[in-house]
Amino acid sequence: MAASSSLLFTLLLVLLTFSVSFIFVVPFDSLLFLWFPDSSVQTLGLEVGINYGQIANNLPSPARVSYLLRSLNISRVKLYDADPNVLLAFANTNVEFIIGLGNEYLQNMTDPIKAQNWIQQRVQPYLTRTKITCITVGNEVYKTYDHQLWSNLLPAMQTVYNTLVNLGLDKQVTVTTAHSLDILSVSFPPSAGAFRQDLGEYLHGILTFHAQVKSPFLINAYPYFAYKDKPNEVPLNYVLFQPNQGTMDPNTNLKYDNMLFAQIDAVYSAIKAMGHTDIEVRISETGWPSRGDENEVGATPENAGLYNGNLLRRIEEKQGTPAKPNVPIDIYVFALFNENQKPGPTSERNYGLFYPDGTPVYNIGVQGYLPELIYSSATTNNGFSICRLLVLAIAYLISS
């Protein structure tokens, strides 16, 4: 045993000396190389979540994405599904996940048996190693104008929550849904914020549910849309968090220097108008496209960099809104990558902070690293061959 230990130590020294720039994973009879450059990478811890969409055919593997996000110190991720490959790739990383049930699942989720089957198959097996903290039931349901979906939303949320209770998981995983900002009929002044009348009966039940289970009200808010639609009326600096004169709420005399904070407070006012003051509002999506069609005014890398960069600084400073100054804004930026298969205008495919190869689309003051992946089952490179033999020898000594 002493001889084996000595040999093992010697092999480790040789491996480290030969290839200090490599990390190795040995899956069965092949090697997986993740290469890191010798230069150090500066990162900034971010108190922000990120939306990890996957409507693309050129994205890096979840394992590589896991490294990228951890190199950025991003510890909160929102998915639009419950992709097992992603959940496994982030096992034992302490990254918190919001996972999603798409709108197509709503009818099934009103059935307790189907809801339990989904949770037992798609959530429960991963909870011991991956930190799943929330399930979004549906996304922007009221934007669909599908009244059957509207009617199914609350029962689906209730059934999923009750299933979590029955399985003893409700303290670990909460339940909510994400709304688009157009559920508001009035957004300015913020103190006069109000929900659309046609949604009143539905949102009353949703808000009562949030109050009962203590889950957040999620809103997808994009000041970009307001600027795109009325670029001659909406000041660009106001939507980009740049220095500007701001606007005053005549009812509260509160001054707003950016549109996003005004939108958040308008949602709080709409919730209060329906009798609730104990529900937290969180931004489940916000961002700015770096490219757009000819009629998509303002969709440039420069504006996207200003919007997201200035937003990250405000998050880092733990700023609250004028109406909720002591409640730091809670935001998930959209999105991690450009997604080349998203339908719609060009902007829809250009919200990413990163290209699929891991390079930043624009500079926002943070840098992460997406490791290069080289797969070899019968490599001809002498360096890789030597490293492979060394790793296999170490694995053998450890097992013996």
Side-chain angles (χ1 to χ4, degrees), residues 48-55 59 61-67 69-70 74-141 149 152-179 205-206 209-220 279-280 282-285 330 332 334-336:
V48 65
I50 194 78
N51 282 276
Y52 178 10
Q54 299 181 79
I55 307 177
L59 296 182
S61 68
R64 297 171 68 204
V65 174
S66 172
Y67 186 88
L69 291 182
R70 284 180 288 152
I74 291 177
S75 59
R76 298 191 301 153
V77 176
K78 179 171 164 283
L79 299 178
Y80 293 88
D81 54 19
D83 186 343
N85 296 315
V86 174
L87 297 178
L88 285 173
F90 282 82
N92 304 314
T93 63
N94 211 36
V95 173
E96 295 184 7
F97 273 89
I98 296 176
I99 60 173
L101 271 162
N103 294 348
E104 68 274 15
Y105 284 92
L106 291 191
Q107 185 171 352
N108 282 344
M109 289 304 104
T110 63
D111 182 331
I113 295 176
K114 291 179 180 178
Q116 180 169 316
N117 288 340
W118 188 85
I119 290 173
Q120 289 181 325
Q121 293 170 14
R122 306 304 296 270
V123 181
Q124 205 165 14
Y126 306 98
L127 280 175
T128 57
R129 292 183 295 169
T130 303
K131 200 170 182 181
I132 300 170
T133 60
C134 181
I135 300 172
T136 56
V137 180
N139 183 58
E140 298 189 341
V141 168
L149 278 181
N152 285 336
L153 178 56
L154 179 57
M157 293 172 67
Q158 292 169 327
T159 304
V160 170
Y161 176 77
N162 291 336
T163 302
L164 291 170
V165 171
N166 294 338
L167 295 173
L169 303 175
D170 57 300
K171 305 301 181 187
Q172 189 173 350
V173 184
T174 191
V175 175
T176 184
T177 188
H179 305 279
I206 295 286
F209 172 84
H210 285 305
Q212 290 173 342
V213 307
K214 307 299 181 187
S215 63
F217 189 89
L218 302 186
I219 196 83
N220 299 337
I279 297 172
E280 182 184 0
R282 298 180 186 174
I283 300 298
S284 42
E285 287 183 21
D330 191 313
Y332 284 77
F334 187 88
L336 181 56

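Heavy atoms only: backbone and side chains are in, while hydrogens, waters and symmetry mates are out.
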Just so I know, are the side chains of [X] and [Y] near enough to count as touching, which here means a heavy-atom distance under 4.5 Å?
X	Y	answer
F209	Y161	yes
L167	Q120	yes
L69	L336	yes
R70	S66	yes
L127	Q172	yes
F217	H179	yes
V123	I99	yes
T176	T136	yes

Value rounded to 0.5 Å, distance of [atom1] in [X] from [atom2] in [Y]:
X	Y	atom1	atom2	value
N103	M109	CG	CE	12.5 Å
Y332	L218	OH	CG	8.5 Å
D83	L88	CG	CG	9.0 Å
I135	T163	CD1	OG1	9.0 Å
Q158	T110	CD	OG1	11.0 Å
L59	Y52	CG	OH	6.5 Å

At their closest point, which heavy atom of [X] faces which heavy atom of [Y], and how far apart are they?
X	Y	answer
R76	V95	N-CG1, 4.3 Å
D111	I113	OD1-N, 2.9 Å
L164	V175	CD1-CG2, 3.5 Å
W118	G100	CZ2-O, 4.3 Å
A156	V137	CB-CG1, 3.8 Å

Checklist entry - What do the steps show when you test N166 against Q116 for side-chain contact (heavy atoms from CB on, under 4.5 Å), and what is the final call? => result CA-CA 9 Å; N166 294 338; Q116 180 169 316; 5.5 Å; no
Do side-chain atoms of [X] reach the backbone of [Y] as a donor and acceptor pair under 3.5 angstrom?
X	Y	result
R122	A82	yes
T130	L87	yes
T174	S215	no

Next on the checklist: What verdict does the side-chain contact (heavy atoms from CB on, under 4.5 Å) test give for M157 and V213, after you've listed the backbone C-alpha separation in whole Å, the side-chain angles of each residue and the deciding distance to 0.1 Å?
Outcome noted: CA-CA 11 Å; M157 293 172 67; V213 307; over 6 Å; no
Next on the checklist: Does Q107, at its CD atom, have more than 12 non-hydrogen atoms belonging to other residues, nucleotides or ligands within less than 6.0 Å?
Outcome noted: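 It does not: Q107 CD has 12 such atoms or fewer within range.
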Checklist entry - So, E140 versus N220: side-chain donor-acceptor pair below 3.5 Å or not? => result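 Their side chains do contain a donor-acceptor pair, which is all the 3.5 Å distance test asks for.
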Checklist entry - Which class fits the ring pair F97 and F90: parallel under 30°, tilted 30 to 60°, perpendicular over 60°? => result perpendicular
